[in-house]
Amino acid sequence: MSEAPSARGAEVGRRIGVGLMYGLWRPRVLGAWRVPATGPAILAINHSHNLDGPMVMGVAPRPTHFLIKKEAFVGPLDPFLTGIGQLKVDRDTTDRTAITRALGVLDDGGVLGIFPEGTRGEGDFAALRAGLAYFAVRSGAPVVPVAVLGSSERRGRLLKGLPPLRSRIDVVFGDPFEAGDGSGRRTRKALDEATLRIQKQLTLHLENARRLTGR
């Protein structure tokens, strides 16, 4: 049995994220109260910039364990990311260890962070992988849509590849919803239906977030 990621480590990661994100940028957080205060939850985040994960880690009201591609775990980042409760995943195969550990987070009543698009792109939820549906249907945990806006609009002069320092980045949390149909079925058809349900909800949330923030 693989060791569960550290809940205490995730709280340390959250505190580091708070200091860095609020110190370097000006996050505007809307709807954080929608994240369930207790019990398992899955944050489903759009992904247009590498900053999106650390930003959500720093502004979310609860410590979050993110599924992060194994390529990010290089050099000193490997023990650091593991130490703050993050999950290494091999996206090129069915990573049983990562799946078991992620389900363990939810079984323990923790928060799992997922970029359902699988890789950085337009950040518009146009292409969803089935992984999010599997975790949501298997665990029964509610999915909370999260839109990060402003991280990829323009680049800073001091830190190339990052948004300008002290620029505003909006993080909008949506209403939690159940991905499954309530039957508990985990067939391929049920997961496909759940993926479509998730995509509809996430796309709707992103449209609302853009309207709300004017971005």
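Leu212 and Val59 fall into different hydrophobic clusters, defined by Ile, Leu, Val, Met, Phe, Trp and Tyr side-chain heavy atoms under 4.5 Å apart, directly or through other members. Under the 4.5 Å side-chain heavy-atom criterion for ILVMFWY residues, a single connected hydrophobic cluster contains both Leu77 and Met21. Tyr22 and Val172 are not part of a single hydrophobic cluster, where members link through side-chain heavy atoms under 4.5 Å apart. By the criterion of side-chain heavy atoms lying less than 4.5 angstrom apart, applied directly or through intervening Ile, Leu, Val, Met, Phe, Trp or Tyr residues, Leu30 is not grouped with Leu206; the two fall into different hydrophobic clusters. The hydrophobic cluster containing Leu202 also contains Tyr134, counting ILVMFWY residues as joined when their side-chain heavy atoms lie under 4.5 angstrom apart, directly or transitively.
Rounding to the nearest 0.5 angstrom, the gap separating the OG atom in Ser167 from the CG atom in Leu24 is 10.0 Å. Taking CD from Gln86 and CZ from Phe80, the interatomic distance works out to 8.5 Å, rounded to the nearest 0.5 Å. How far CZ of Phe173 is from NE2 of His205: 8.5 Å, rounded to the nearest 0.5 Å. Interatomic distance, Leu112 CG to Leu87 CG, rounded to the nearest 0.5 Å: 6.5 Å. Note that CZ of Arg26 and CG of Leu165 are 12.0 Å apart. Values are rounded to the nearest 0.5 Å. The structure places OG1 of Thr203 at 5.0 Å from CD of Gln199, a figure rounded to the nearest 0.5 Å.
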Walk me through whether Ile99 and Thr94 qualify under side-chain contact (heavy atoms from CB on, under 4.5 Å). CA-CA 8 Å; Ile99 291 169; Thr94 303; 3.9 Å; yes
TODO: Evaluate the side-chain contact (heavy atoms from CB on, under 4.5 Å) criterion for residues Lys88 and Arg101: first the C-alpha distance (whole Å), next the side-chain angles of each, then the deciding distance (0.1 Å), finally the verdict.
DONE: CA-CA 10 Å; Lys88 182 191 302 188; Arg101 298 186 80 207; 5.9 Å; no
Stepwise side-chain contact (heavy atoms from CB on, under 4.5 Å) check, Arg62 with Val35 = CA-CA 8 Å; Arg62 293 174 61 189; Val35 178; 4.3 Å; yes
task: Determine, step by step, whether Leu162 and Asn50 satisfy the side-chain contact (heavy atoms from CB on, under 4.5 Å) criterion, reporting the C-alpha distance in whole Å, the side-chain angles of both residues, the deciding distance to 0.1 Å, and the verdict.
output: CA-CA 8 Å; Leu162 288 173; Asn50 283 332; over 6 Å; no
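Here the side chain of Asp108 pairs no donor or acceptor atom with the backbone of Val105 at under 3.5 angstrom. Arg166 places a side-chain N or O within donor-acceptor distance of the main-chain N or O of Trp25, the cut-off being under 3.5 Å. Between the side chain of Asp90 and the main chain of Asp95, no donor-acceptor pair closer than 3.5 Å is present.
When all heavy atoms are compared, the tightest approach of Pro5 to Gly85 is CB-O, 3.7 Å. The two residues Ile198 and Ala133 come nearest to each other via the heavy atoms CD1-CA, 3.7 Å. Closest approach of Ser48 and Ser151 over heavy atoms only: OG-OG, 3.7 Å. Summarising the geometry of Val148 relative to Asn46, their closest heavy-atom pair is N-OD1, 2.8 Å, with the distance given to 0.1 Å. Here the shortest heavy-atom pairing between Arg34 and Asp175 reads NE-OD1, 2.8 Å.
Inter-residue side-chain proximity for Leu20 and Pro54 is flagged as unmet; no heavy-atom pair is nearer than 4.5 Å. Side-chain atoms of Met55 and Pro27, non-hydrogen and from C-beta on, do get closer than 4.5 Å to each other. Side-chain contact check for Val171 versus Leu149: every heavy-atom pair is 4.5 Å or farther apart. Side-chain contact check for Ile45 versus Ile114: every heavy-atom pair is 4.5 Å or farther apart. Using a 4.5 Å cut-off on side-chain heavy atoms (C-beta onward), Phe66 and Leu81 make no contact. Annotation: side chain of Pro145 is in contact with side chain of Phe177 (closest heavy-atom distance under 4.5 Å). Taking the side chain as every heavy atom from C-beta outward, Val111 and Pro63 never approach each other to under 4.5 Å. For the pair Pro142/Glu178, a side-chain contact is recorded, criterion being any heavy-atom separation below 4.5 Å from C-beta on.
A salt bridge does not link Arg197 with Asp181: none of the charged nitrogens is closer than 4.0 Å to a carboxylate oxygen. Between Arg14 and Glu11 there is a salt bridge, since at least one side-chain N of the basic residue sits less than 4.0 Å from a carboxylate O of the acidic one.
With a 6.0 Å radius and a threshold of 12 heavy atoms from other residues, nucleotides or ligands, Arg8 has its CZ atom at or below the threshold. Within 6.0 Å of atom CZ in Arg188, 12 or fewer heavy atoms from other residues, nucleotides or ligands are found, so the atom counts as exposed in its surroundings. Applying the 6.0 Å contact sphere to CZ of Arg15 captures no more than 12 heavy atoms from other residues, nucleotides or ligands.
Applying side-chain contact (heavy atoms from CB on, under 4.5 Å) to Ile42 and the options Thr64, Val144, Leu106 leaves one that passes, Leu106.
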